[in-house]
Amino acid sequence: MALVRASQYFLPTWKEDPAEAELPSHKLMLRAGMIRKLAAGIYIYLPLARRVLHKIENIIREEMNAIGGLEITMPVLHPAELWAETGRLQDFGPILGRLRDRAGREMVLGPTHEEVITDLARREIRSWRQLPLVFYQIQTKFRDEPRPRGGLIRAREFTMKDGYSFHESKADLDRFYREIYQAYLNIFHRCALDVVVVEADPGLMGGSESHEFMLPSPYGEDSFIQCESGDYAANLEGAISVKDADPPEPLLPLQEVATPNCYTIEAVAKFLGVPTRKTAKAVFYKAGEELVFVVIRGDLEVNEAKLARALGRTDFRPALEEEIKEIGAVPGYASPIGISRDGVKVVVDDSILKARNLVAGANEEGFHLRNVNFPRDFTADIVADVAMAKEGDPCPRCGAPLRIQRAIELGHIFKLGTKYSEAMGATFLDRMGKSRPLIMGCYGIGVGRLLAAVIEAHHDEAGIIWPANLAPFQVIVSVLDPKQVLLLSLGERLAQALAEAGLEVLLDERDQSAGEKFHDAKLLGIPLLVVVGPRAVGQNQVELERRRDGEKRVVEAKPELVVSKVMELLQGA
RNA sequence: CGGAGAGUAGCGCAGUCUGGUUAGCGCGCAUGGUUCGGGACCAUGAGGUCGGCGGUUCGAAUCCGCCCUCUCCGACCA
């Protein structure tokens, strides 16, 4: 039986918006007494938040268990050597929280657990007969993010459900991937969230396929691109861009033109009176010893995630002016024509393929070339799509315009393949007795972020509006003047009856003004309010008020009647 | 890491430009009383290293320097 007395509980609510919060979910969680900040991006979860988190976590558990997931708990502290094995000790960089134990051993605070689970797998999994195996945990992660923001939306210390699956074949991973995809939809649906599933960039996680589960929100920390007709949605990092081409035109001869003080595409285009899409832009990166020379249509931007894929490396940075000059290119007037190709990798975006008679730099201060054409005038080491998709671009599937949406990334699932198992030697004997690396997938949900997202999706000016299945309490029984013994005892009886009927009940018998109690009830977002006040009780009645729509009922103050009416109203909450 | 802003009582803020009684206001908190249907009222009271350190000055919340913390924008973000 679940009956909590407010006077003995911890409800540190605030009347005013805190100065430090910007997002509705952040403000409301502070105001409702759910969280308190310890340091930037590091929060204490108070009792009210814990109640909701338990429900969210249990939904996740049920759905994970239903597809064969086995719950485990892995350590927060990992030996750094494990991370060195996969190279991620380096790759994660300063995001990785690091420390030494008393013996001087390097340790890391786990930002994720591929290394640990793969270590477990290589010790324990020997035969295909043990497969498939799906482990998951709901546990604290630490990432020393450069910029935490928005309360629980992007914290440094946060709770994550992370799952890892091991398979004997790609086909079995594919099968399980479809199951977990559906399980994720179930989880978010049960949390009353309308998520959009977007194709994501598997990037350097390796593997073939990856999806993100996004909740569209103006306060999102992420964005994705979506086709109006709904047949394509992708993370911006991986979004395929279709480049509309101009109609073909005859190739004209190269022609040098003076363009004084035109150091930017906009300036050149304006000076020569051509649209920016009729220019070729040069963008430079330094990757190790190599200078990467990207040629892209002037109206487009380079997508560095796509460039990383085209190059097969991520260790590059924008080049310095001196580095550009070293190869004979002139910053502001650069083009791939007439430069030294020694130690230079020319990457041509596919937007250049169909473009004709472009304006490009002449590698001479104050001059550009007209009528530059690929591949007539220069060659490429790599031709690839390295452009950032943008608002209004045609959808790669149906051609309808694409729109950019801000969103909260709630979940991310990956087909990892053998990246970790190979790096760490996690192998098994297959049906033919042959040793092969385990085939893996990994699957994350930001639990705290999910909690915040539920509030983002379900609140109004007065406070939170919990979906009934996530609410910390389903009913709040508010005794307006608890010093009147009759009112208090009636409130107690009703609360008891409701609790015995299986509901979680908060009995607000605090000696506070009616207004405060009404406001708190709304702020806390409890689906149903039972008002035990002198006015109605005088006529042997109590009032019910539904949080979601303000729907009110008056009921005779008999426990059975109140219970049945509460149940009825909760159906619509 | 770049840009912007902020740090004064538990919360929200004024005071700082132009140095000068005992550092204020609202809310909250404690005690007593009056109230009791949509954030009541009266009285009394507690609560402050004015983010820290250093400097200037007869005198610093206020001026100067360094540092710390927090927020927002950007970069970044399996």
Side-chain angles (χ1 to χ4, degrees), chain A residues 12-23 26-27 30-31 33 36-42 83 86-88 91-96 110-115 141 143-151 153-156 158 160 162 164 200-207 210-212 219-223 235-238 304-305 308 314 317-318 409 411-416 419-420 440-444 446 449 462-463 478-484 487-488 510-523 529 531-538 541-543 545 550 552:
Chain A
T13 55
W14 291 343
K15 187 155 72 174
E16 293 171 277
D17 273 342
E20 70 179 50
E22 203 84 354
L23 310 200
H26 190 193
K27 286 181 185 170
L30 287 166
R31 286 189 51 205
R36 289 294 183 258
K37 184 177 67 183
L38 182 63
I42 301 180
W83 284 77
T86 56
R88 294 210 297 181
D91 293 349
F92 260 88
I95 297 223
L96 210 50
T112 176
H113 283 74
E114 281 81 14
E115 278 75 4
K141 302 275 188 276
R143 293 181 192 177
D144 201 352
E145 295 282 355
R147 192 184 154 201
R149 66 186 93 174
I153 297 289
R154 169 125 98 181
R156 291 195 295 167
F158 56 98
M160 184 168 172
D162 48 325
Y164 307 88
D201 177 16
L204 297 180
M205 285 295 286
S210 172
H211 288 89
E212 289 174 339
Y219 298 104
E221 87 298 347
D222 209 342
S223 356
N235 189 291
L236 262 188
E237 288 212 326
E304 293 184 5
T314 47
R317 54 163 174 81
E409 181 193 339
H412 201 161
I413 59 177
F414 282 90
K415 292 183 184 175
L416 288 178
K419 171 172 171 154
Y420 296 90
M440 297 174 56
C442 75
Y443 319 96
R449 187 180 274 182
S478 197
V479 179
L480 290 193
D481 185 2
K483 281 185 184 155
Q484 296 188 31
L487 290 186
L488 182 59
R510 296 174 299 172
D511 185 18
Q512 288 177 349
S513 76
E516 285 176 276
K517 301 172 96 158
F518 284 126
H519 279 272
D520 267 356
K522 283 197 169 145
L523 176 60
L529 168 65
V531 183
V532 181
R535 210 165 63 193
V537 170
Q541 289 176 328
V542 295
E543 290 153 352
E545 181 175 339
K552 289 182 188 173

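So you know, we letter chains A, B, ... as the sequences are listed, proteins then strands, and number each from 1.
In this entry the distance linking CE of A:M440 with P of B:rA78 reads 17 Å, nearest Å. Rounded to whole Å, atom P of B:rA78 lies 11 Å from atom CG of A:D91. Atom CZ of A:R88 is separated from atom P of B:rC77 by 14 Å (rounded to the nearest Å). Counting to the nearest Å, the C1' atom of B:rA78 and the CG atom of A:L416 are 8 Å from each other. Atom CZ in A:R449 sits about 11 Å away from atom P in B:rA78, given to the nearest Å. The nearest whole Å value for the distance from the CZ atom in A:F92 to the C1' atom in B:rC77 is 10 Å. Distance, A:K141 NZ to B:rC77 C1': 16 Å, rounded to whole Å.
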Any protein N or O atoms within reach of nucleotides 43-52 of chain B? Criterion: under 3.5 Å, listing atom names and distances.
none

Give every pair of a protein N or O atom and an N or O atom of nucleotides 68-72 of chain B that lie under 3.5 Å apart, one pair per line with the distance.
residue : atom : partner : partner atom : Å
B:rC70  : OP1  : A:A40   : N            : 2.8
B:rC70  : O3'  : A:K37   : NZ           : 3.0

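Taking the ring-ring contact (aromatic ring centres under 6.0 Å, His included) definition, one finds that A:H113 meets it with A:H78, sequence neighbours left out. Scanning for side chain to side chain donor-acceptor pair (under 3.5 Å) contacts around A:E221 gives A:R449, with sequence neighbours left out. Here A:L236 pairs with A:S223, A:I225, A:I404 under the side chain to side chain contact (heavy atoms under 4.5 Å, CB included) rule; sequence neighbours left out. Residues passing the salt bridge (Lys or Arg N to Asp or Glu O under 4.0 Å) test with A:D91: none are found, sequence neighbours excluded. With sequence neighbours excluded, the residues forming a side chain to side chain donor-acceptor pair (under 3.5 Å) with A:E516 are A:S513, listed by chain and number. Every side chain to side chain donor-acceptor pair (under 3.5 Å) that A:D511 has, sequence neighbours left out, goes to A:K483. Scored by the salt bridge (Lys or Arg N to Asp or Glu O under 4.0 Å) test, A:E115 finds A:R88 as partners (sequence neighbours excluded). Listed by chain and residue number, A:A40, A:R156 satisfy the side chain to side chain contact (heavy atoms under 4.5 Å, CB included) test with A:P148 (two or more places apart in sequence, or in another chain). With sequence neighbours excluded, no residue forms a ring-ring contact (aromatic ring centres under 6.0 Å, His included) with A:F158.
With both pairing distances under 3.5 Å, B:rC53 is matched to B:rG65 as a Watson-Crick or G-U wobble pair. With a cut-off of 3.5 Å on both pairing distances, B:rU21 has no Watson-Crick or G-U wobble partner at all. Under the Watson-Crick or G-U wobble criterion, with both distances below 3.5 Å, B:rU71 is paired with B:rA4. Judged by Watson-Crick or G-U wobble contacts below 3.5 Å, the nucleotide B:rA14 has no partner. Look at B:rA43: its Watson-Crick or wobble partner, with both distances under 3.5 angstrom, is B:rU31.
Residues A:P482 and A:R510 fail the side-chain proximity criterion, which asks for heavy atoms closer than 4.5 Å. Within the 4.5 Å cutoff, side-chain heavy atoms of A:E145 are placed close to those of A:I95. Side-chain contact between A:L96 and A:P111 is present, with at least one heavy-atom pair separated by less than 4.5 Å.
If A:D17 and A:E145 are placed on RNA chain B by their nearest nucleotide, the residue sitting closer to the 5' end is A:D17.
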query: Reading nucleotides 34-40 of chain B 5' to 3', which nucleotides get B (base under 4.0 Å from a protein heavy atom), which S (sugar-phosphate only), which -?
result: -BBBBBS
